[in-house]
*Asks:* 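This is the structure I want to talk about, given as structure tokens.
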Amino acid sequence: MAHAGTNVNPLLSVIEQQVRDQARDLALEHVAPRAAVIDSSGCCPDELVQRLCALISDHVDGACPTPMHLALRLEQVARHSAAAAAIAAAHGVGSFIARDHGKLDAPVADNGPIYVAVYGGTALSAEASDDGVVLQGTVDLAPGAAYATAFVVACEQGSAAGVFVVLANADGVSVGPTEVLMGLAGSGTASITWAGARLTPSARVGDLEQVSRLLDATRIAHAAQAVGIATGALDAALTHLASANTAEDMRQPPQSTQWMLADIATESEAARLSLWHAALELGTGNAYEAGAMCRLLAAEAAVAASRRAIQIVGEQGTLRASVFERLYRDAKVMEVLGGTNEDQLGIIADGLLPTLPR
């Protein structure tokens, strides 16, 4: 069963299993002990941010990171801290797009670049100028923005629409204060303003097709975080049962509890398999519908898993300092982050009914 994260999985290559296990070990050692403090303080230590970004960019046995590697790593991190995973996800998507165009090794920061992927939507425009491109607009609630040394910006509006790499300290770029969300506390979510930021032609790393690729990768990264939250809820529920009951009682918890545990495990596994399928699709081409499907399934699984975990634990699970309460808050954010569940349903339906008039 993939939940345990330690056994051989025939659906994964040897390198992919190494990637998963490497991420699991790092998350257990460096993320799990800090998860509660990250949430309560609303800040992720700089050392851990650098460690997470290095993990995401690591080449295991010389293999270049793939979308599947990103999905496997993010799930393991999110099992312990969804906020830490959100930072890693923003960097992972950004570096994935930048690497495709030879931009990843730019000397952006002393300790290594922290790329954060940002989708501008209708709030951002890129206009052609005599000497390059001018970015104008503000994007709200961008996870990881407070930690970025560079942004990989996807812009669909204006005469020069495309994807650009922009230094966080460039003229005309400003990052707002960290926002306080109901979940993902410590993820460095903030607004970013481009006030007439002028970019040279070399800043462009992709056209509108690459914008779509960034969006597909973002959905998959969000799904991986949600699968991690769901798995973390199952971990926490099982740990609670093991510590609260004798070994004999543990073999036969109430049937209602058994069913809730089975539901969490089943829905998490279904979301995980959908996630892996979408990651493979992105690695070979277009993952538009597959990305929306896995994002929808995973977010729903995360909310249901964290809710059931609280039901299993009872009123102690509602305490503000409880891991279960944090999981529930984080899970709910995943249903709206980067597009609501209803947005994903719209994408899926568009693929099913492409010939009907709008």
Side-chain angles (χ1 to χ4, degrees), residues 23 52 56 67-97 115-119 121 139-145 152 154 179 181-189 211-233 267-268 270-283 287-306 327-348:
L52 290 169
I56 294 299
M68 178 66 93
H69 293 177
L70 178 63
L72 293 168
R73 285 165 166 158
L74 290 178
E75 178 187 345
Q76 295 303 318
V77 175
R79 285 174 77 165
H80 306 284
S81 171
I87 300 168
H91 171 74
V93 174
S95 60
F96 171 67
I97 299 298
Y115 291 88
V116 167
V118 179
Y119 172 58
V139 176
D140 295 323
L141 301 180
V152 178
E179 301 286 357
L181 308 179
M182 69 178 291
L184 301 188
S187 62
T189 298
V211 172
S212 297
R213 190 163 174 79
L214 183 145
L215 286 171
D216 291 343
T218 299
R219 292 186 190 98
I220 290 169
H222 289 168
Q225 295 169 69
V227 170
I229 293 171
T231 307
E267 292 169 11
S268 299
R272 180 180 294 108
L273 294 176
S274 178
L275 166 65
W276 290 359
H277 168 70
L280 291 173
E281 288 282 313
L282 182 63
Y288 185 58
E289 294 167 22
M293 288 179 178
C294 77
R295 159 65 176 74
L296 176 66
L297 280 176
E300 290 181 342
V303 171
S306 56
L327 285 163
Y328 197 31
R329 285 187 288 108
D330 291 340
K332 185 56 189 175
V333 174
M334 300 312 301
E335 287 197 314
V336 297
L337 182 66
T340 65
N341 282 13
E342 290 70 26
D343 291 333
Q344 313 313 315
L345 288 168
I347 292 171
I348 297 164

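Please read all numbers here as calculations on a predicted model, not as lab measurements.
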*Asks:* Spell out, as yes or no, whether a donor-acceptor pair under 3.5 Å connects the side chain of R272 to the backbone of E75.
*Replies:*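 Not a single qualifying donor-acceptor pair exists.
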*Asks:* Mind listing the closest non-hydrogen atom pair of A279 and P67 along with its distance?
*Replies:*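 For A279 versus P67, the nearest heavy atoms are O-CB, 3.5 Å.
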*Asks:* Can you tell me if R73 uses its side chain to pair, donor with acceptor, with the backbone of I56 under 3.5 Å?
*Replies:* yes
*Asks:* Please check this pair: side chain of R329 against backbone of M182, looking for a donor-acceptor N/O pair closer than 3.5 Å.
*Replies:* yes
*Asks:* Do NZ/NE/NH1/NH2 and the carboxylate oxygens of D216 and R213 come within less than 4.0 Å?
*Replies:* no
*Asks:* Test R295 against I347 for side-chain contact (heavy atoms from CB on, under 4.5 Å), laying out the working first.
*Replies:* CA-CA 11 Å; R295 159 65 176 74; I347 292 171; over 6 Å; no
*Asks:* S306 side chain to V303 main-chain N or O, any donor-acceptor pair under 3.5 Å?
*Replies:*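 The answer is yes, because a donor-acceptor pair under 3.5 Å joins these two groups.
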*Asks:* Between S274 and A270 (side chain of the first, backbone of the second, donor and acceptor by atom type, cut-off under 3.5 Å), is there such a pair?
*Replies:* no
*Asks:* To check you understand the geometry: which heavy-atom pair defines the closest contact between A278 and C294, and what is its length?
*Replies:*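 Reported closest heavy-atom pair: CB-SG, 3.7 Å.
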*Asks:* Measuring from I87:CD1 to L74:CG, what's the distance to the nearest 0.5 Å?
*Replies:* 11.5 Å
*Asks:* Kindly compute the distance separating NZ (K332) from CG (D330), expressed to the nearest 0.5 Å.
*Replies:* 13.5 Å
*Asks:* So does A221 get a backbone contact from the side chain of Q225, meaning a donor-acceptor N/O pair under 3.5 Å?
*Replies:* yes
*Asks:* Taking it one step at a time, do Y288 and E281 satisfy side-chain contact (heavy atoms from CB on, under 4.5 Å)?
*Replies:* CA-CA 9 Å; Y288 185 58; E281 288 282 313; over 6 Å; no
*Asks:* State, to 0.1 Å, how close G94 and Y115 come at their nearest heavy-atom pair, and which atoms those are.
*Replies:*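 Nearest heavy atoms, G94 then Y115: C-CB, 4.0 Å.
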*Asks:* Roughly how far, to the nearest 0.5 Å, is OG1 of T218 from CD1 of I97?
*Replies:*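 Output value for this atom pair is 7.5 Å.
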*Asks:* Is there a side-chain contact between E335 and E300 in this structure, where contact means two heavy atoms from C-beta onward sitting under 4.5 Å apart?
*Replies:*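 Yes - at least one pair of side-chain heavy atoms lies under 4.5 Å apart.
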*Asks:* If the condition is side chain to side chain contact (heavy atoms under 4.5 Å, CB included), which residues does A305 pass it with, not counting sequence neighbours?
*Replies:* A230, A233, I264
*Asks:* Specify the closest pair of heavy atoms between L52 and A88, including all atoms of both residues, with the distance to one decimal.
*Replies:* CB-CB, 4.3 Å
*Asks:* Using side-chain heavy atoms (C-beta onward) and a distance below 4.5 Å, is L337 in contact with P143?
*Replies:* yes
*Asks:* Walk me through whether I220 and L70 qualify under side-chain contact (heavy atoms from CB on, under 4.5 Å).
*Replies:* CA-CA 9 Å; I220 290 169; L70 178 63; over 6 Å; no
*Asks:* Determine whether a donor-acceptor pair (N or O, by modelled atom type, separation under 3.5 Å) exists between the side chain of H91 and the backbone of V116.
*Replies:*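 Side chain of H91 to backbone of V116, a donor-acceptor pair under 3.5 Å: no, none is there.
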*Asks:* About how many Å separate NE2 of H80 and CG of L327, when rounded to the nearest 0.5 Å?
*Replies:*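 Rounded to the nearest 0.5 Å, the CG-NE2 separation comes to 11.0 Å.
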*Asks:* So which heavy atom on A117 is nearest to which on L214, and how close?
*Replies:*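 Looking at all heavy atoms of both residues, the closest pair is CB-CD1, 4.2 Å.
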*Asks:* How many angstroms lie between CG in L297 and OG in S268, if you round to the nearest 0.5 Å?
*Replies:*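 Here the rounded value is 11.0 Å.
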*Asks:* If you take all heavy atoms of H277 and A290, which pair is closest and at what distance?
*Replies:*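 Here H277 and A290 meet closest at CD2-CB, 4.0 Å.
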*Asks:* Once rounded to the nearest 0.5 Å, what's the spacing between atom CG of L215 and atom OH of Y119?
*Replies:* 5.5 Å
